[in-house]
**Q** 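What follows is a structure written as C-alpha cells; I'll ask about it next.
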Amino acid sequence: MREMKDSGIAWVGKIPTHWTKKKGKYILRYMSKPVKQDDSVITCFRDGEVTLRSNRREDGFTMADKEIGYQGVDVGDLVVHGMDGFAGAIGISDSRGKASPVLNVLNTKQNKKYIMYYLRSMAYGEVFTALSTGIRVRSCDLRWNKLAELLYPLPPIDEQNNIVNYIDEQIARTNEIIADTQAQIDTLEQYKRSVITEAVTHGLNPSAPMKDSGAGWMPLIPLHWKADKLKFHLRQRGIKNQIDKQVLSLYREYGIVPKDSRDDNHNVTSEDVSDYRYVRVGDFVVNKMKAWQGSVAVSNYEGIVSPAYFVYEFSDDLINKRYFHYLMRNKTYATEFRRLSGGIREGQWDLPSEALNNTIILLPPLDEQQEIADYLDNKCAEIEQIIADKKSQIETLDGYKKSLIYEYVTGKKEVV
C-alpha cells in the first residue's frame, strides 16, 4: 500500500505522497491558432470524440452565419468544450480543422491523455456542474479562466504514461464488450420488428390460405381478412385551444409519451401552444414528417401535440386499438409512408393527409385482432425484458469505465 496524503482537492481526497498538484495555468497553454483556407469544422462530442463534423453527422447542428472567432485545431490537440465539457465533451483531436471559440484548445508538457482523463473524471463526478454558472439548461460555462484555476494532481510523467496506457487498454476491452452487447440489442430490436410485421400481416396461423391484399406494397394476407382504406374507419380531428393539457411527443421507438418525461427529447415546444392539437387516450397520432421512421402510435395519454402531427379518432368498433397500434408501426407501413412522403429536408418527409387517409389497412375479424394484440403484448414484453437486461449490462460497464478512470487518475489504485 502506497503512502497517501491529503490532496487539498475536495473531490479527489488523498493522493500518493510523491504526487504533486498544480493549477492549470502552470501546466496548460491556451492555444489560439489561425484558420487555414481549406479547414473543415471540428466538433467535440459528448462521448469524448473530437473529429471533423463530417466524420459523424452534418444534421442537427446550429450553423453560424459568420465564423467569428473560429480557431485552428491540429491532430493531437487537447480540446475541452466550453458548454458541454460537463457532460464529457473532452478529448484529443484526431483531425486538422477549425472550431468555434466555444472550444478550449490546449497544449501541455504533461501527458495530454492523463489530463484528458482527469478532466473527464471531473465531468463524470459532476464536479463541473457543481462549479457551474450555467447559461442554458443541461450546460455550463467551462472556459479557460476556470480550467486555468483548477488544481490538477500530477504523478511523475512516466507514471502518467503508465496510467494512460492501462486505462486505454481496459477501456478498449470494455468497449468491445459494450459493442458486442449493443449488437445483440440491435438484433433483438430487429427480431421484435419482424415478429410484429409477421403477426399483423400474416396472422398467427402459418397454414392459413392467403390472398392478394389489393395493395401492391403489401404482402399476401390471410384469405378471410379484409383490406380497406383508413378513412373508412378513422377520421381526422383538429381540436385546438386545450393549452392547459400536457405536451406529448411521439418517439418511433416506443410511441407517445409526455414530453417532459424524458430528457433526450430535443423537440421544441412553442411558447404559444394555442394551435396545438388535442389528443385523447385511444386516439391515433401521426408525426407527418417522421411517419416513414415509424413515428405513429395509438396514444395512452391525454394531452396536446404540435401542428406537425395528425390526430385521428376511430369512427367504428371494427378495430382493436392495440392491434391497430402494432399494425401501423410495422416496417411495411414505414416503407410505404416513405414512398408517399415528399422531402422537406434531410431526415424529414411530409406525409400528405390525403395519402394517409387512402392508405390500405388490414382488418382480421375482431376476435383475431384481439388474439394478435395479446400475443404481441406478451412476445414483445419478453423481448423487451431481455433488451432491458442488456442495456443494464451496458450501464454497468459504462459505470465501470468511469470508476476506473477516477481510481487511477487520483492515485487510489496503482498500475503494477
Side-chain angles (χ1 to χ4, degrees), residues 186 189-236 250-253 255 283-298 308-373 375-376 379-380:
D186 294 342
E189 292 282 10
Q190 186 175 12
Y191 171 60
K192 184 176 73 170
R193 289 192 293 270
S194 297
V195 167
I196 292 171
T197 298
E198 180 68 19
V200 298
T201 58
H202 291 148
L204 303 180
N205 179 7
S207 61
M210 309 296 280
K211 69 176 181 181
D212 191 325
S213 67
W217 51 274
M218 180 68 67
L220 295 176
I221 63 174
L223 183 63
H224 64 289
W225 286 20
K226 181 179 179 181
D228 213 345
K229 291 184 178 181
L230 181 145
K231 65 183 179 182
F232 297 140
H233 302 277
L234 291 90
R235 55 174 169 262
Q236 194 171 344
L250 178 53
Y251 285 80
R252 65 175 178 259
E253 294 91 347
D283 283 345
F284 177 56
V285 185
V286 177
N287 183 332
K288 64 179 180 177
M289 291 188 290
K290 294 187 177 181
W292 67 278
Q293 294 179 337
S295 290
V296 303
V298 174
Y309 292 74
F310 296 136
V311 180
Y312 286 83
E313 63 183 356
F314 290 81
S315 58
D316 58 41
D317 296 326
L318 300 179
I319 300 178
N320 177 292
K321 293 180 180 180
R322 193 65 185 152
Y323 160 79
F324 191 77
H325 175 84
Y326 284 121
L327 173 70
M328 300 307 292
R329 287 169 61 81
N330 89 80
K331 59 187 178 182
T332 307
Y333 279 92
T335 301
E336 175 63 3
F337 291 152
R338 172 64 184 85
R339 185 186 71 82
L340 294 171
S341 300
I344 297 178
R345 62 180 184 269
E346 183 66 26
Q348 295 192 337
W349 305 83
D350 194 5
L351 176 64
S353 60
E354 182 179 0
L356 179 57
N357 290 337
N358 286 294
T359 297
I360 295 296
I361 59 174
L362 305 181
L363 299 175
L366 199 55
D367 60 345
E368 191 173 348
Q369 292 181 39
Q370 182 66 55
E371 184 182 2
I372 292 171
Y375 167 78
L376 289 176
K379 190 66 176 178
C380 289

**Q** Please enumerate all residues that pass side chain to side chain donor-acceptor pair (under 3.5 Å) together with Lys231, with sequence neighbours excluded.
**A**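 Side chain to side chain donor-acceptor pair (under 3.5 Å) check on Lys231 returns Asn358.
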**Q** How long is the straight-line distance from OG1 of Thr335 back to CG of Leu340, given to the nearest 0.5 Å?
**A**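 OG1 of Thr335 is found 11.0 Å from CG of Leu340.
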**Q** Taking only residues two or more places apart in sequence or in another chain, which ones pass ring pair (Phe, Tyr, Trp, His ring centres under 6.0 Å) with Phe314?
**A**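 Per chain and number, Phe314 pairs via ring pair (Phe, Tyr, Trp, His ring centres under 6.0 Å) with Phe324.
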**Q** Closest heavy-atom contact between Ala334 and Gly294?
**A**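 Nearest heavy atoms, Ala334 then Gly294: CB-N, 4.4 Å.
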**Q** What are the two closest non-hydrogen atoms of Phe284 and Leu234, and how far apart are they?
**A**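 Closest pair (atom of Phe284, atom of Leu234, distance): CB-CD2, 3.8 Å.
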**Q** Just jot down the side-chain contact (heavy atoms from CB on, under 4.5 Å) partners of Arg322, sequence neighbours excluded, or say none.
**A**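 side-chain contact (heavy atoms from CB on, under 4.5 Å) check on Arg322 returns Asn320, His325, Tyr326, Ala373, Asp377.
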**Q** Taking all atoms of both residues into account, what is the closest heavy-atom pair of Asp316 and Leu318, and its distance?
**A**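 For Asp316 versus Leu318, the nearest heavy atoms are OD1-N, 3.0 Å.
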**Q** Which atom pair, heavy atoms only, marks the closest approach of Ala215 to Ile360?
**A**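 Looking at all heavy atoms of both residues, the closest pair is CB-CG1, 4.0 Å.
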**Q** What closest approach, in Å, do Val296 and Ala291 show between heavy atoms, and which atom pair accounts for it?
**A**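 It is CG1-CB, 4.0 Å.
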**Q** Scan for salt bridge (charged side-chain N to carboxylate O under 4.0 Å, His left out) pairs involving residues 216-228, sequence neighbours excluded, and state none if there are none.
**A**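 For residues 216-228: Lys226-Asp228.
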**Q** What pairs of residues pass the side chain to side chain donor-acceptor pair (under 3.5 Å) test when at least one of them lies in residues 198-208, not counting sequence neighbours?
**A**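 Sorted result for residues 198-208: Glu198-His202, Asn205-Ser207.
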**Q** Report the residues that fulfil side chain to side chain donor-acceptor pair (under 3.5 Å) with Asp317, sequence neighbours left out, ordered by chain and then residue number.
**A**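 For Asp317 there are no side chain to side chain donor-acceptor pair (under 3.5 Å) partners, ignoring immediate neighbours.
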**Q** Kindly indicate whether the side chain of Ile221, heavy atoms from C-beta on, has any atom under 4.5 Å from the side chain of Lys211.
**A**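 Of all side-chain heavy-atom pairs linking Lys211 with Ile221, at least one is under 4.5 Å.
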**Q** Would the distance check show the side chain of Arg329 and the main-chain N or O of Arg252 forming a donor-acceptor pair, the cut-off being under 3.5 Å?
**A**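 The answer is yes, because a donor-acceptor pair under 3.5 Å joins these two groups.
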**Q** Identify, with sequence neighbours excluded, every residue that meets salt bridge (Lys or Arg N to Asp or Glu O under 4.0 Å) alongside Lys288.
**A**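 Once residues adjacent in sequence are excluded, Lys288 has no partner under the salt bridge (Lys or Arg N to Asp or Glu O under 4.0 Å) criterion.
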**Q** For Glu336, enumerate each residue passing the salt bridge (Lys or Arg N to Asp or Glu O under 4.0 Å) test, keeping only those at least two apart in sequence or located in another chain.
**A**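 Testing Glu336 for salt bridge (Lys or Arg N to Asp or Glu O under 4.0 Å), a comparison that skips the adjacent residues, returns Arg339.
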**Q** Are side-chain heavy atoms of Leu327 and Leu362 found at a separation under 4.5 Å?
**A**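 In contact.
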**Q** Can you give me the closest heavy-atom contact between Ala297 and Gly255, atom names plus distance?
**A**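 Scanning both residues completely, I find the closest heavy atoms to be CB-CA, 3.8 Å.
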**Q** For the NZ atom of Lys290 and the OH atom of Tyr251, what is their distance to the nearest 0.5 Å?
**A**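 Answer for the NZ-OH pair, Lys290 versus Tyr251, is 10.0 Å.
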**Q** Excluding sequence neighbours, so at least two apart, what forms salt bridge (Lys or Arg N to Asp or Glu O under 4.0 Å) with Lys379?
**A**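 Here no residue qualifies.
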**Q** With a 3.5 Å distance limit and no angle check, can you tell me whether Ser315 reaches the backbone of His233 through a side-chain donor-acceptor pair?
**A**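 Checking the backbone N and O of His233 against the side chain of Ser315, a donor-acceptor pair under 3.5 Å is found.
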**Q** Looking at residues at least two apart in the chain, or sitting in another chain, which of them share a side chain to side chain donor-acceptor pair (under 3.5 Å) with Asn357?
**A**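 Asn357 satisfies side chain to side chain donor-acceptor pair (under 3.5 Å) with Tyr312 only.
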**Q** Taking side-chain contact (heavy atoms from CB on, under 4.5 Å) as the definition, give me every residue that meets it alongside Pro222, ordered by chain and number, with sequence neighbours left out.
**A**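 Pro222 satisfies side-chain contact (heavy atoms from CB on, under 4.5 Å) with Met210, His224, Trp225 only.
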**Q** Do the side chains of Leu356 and Phe337 get nearer than 4.5 Å, heavy atoms only?
**A**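 Answer yes - side chains close enough.
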**Q** Output all residues satisfying salt bridge (Lys or Arg N to Asp or Glu O under 4.0 Å) with Arg235, sequence neighbours left out; order by chain, then residue number.
**A**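 Checked Arg235 against salt bridge (Lys or Arg N to Asp or Glu O under 4.0 Å); matches are Glu313.
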**Q** Side-chain contact test, heavy atoms from C-beta onward, threshold under 4.5 Å: evaluate it for Ile196 versus Cys380 and give yes or no.
**A**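 Heavy-atom side-chain distance check passes, below 4.5 Å.
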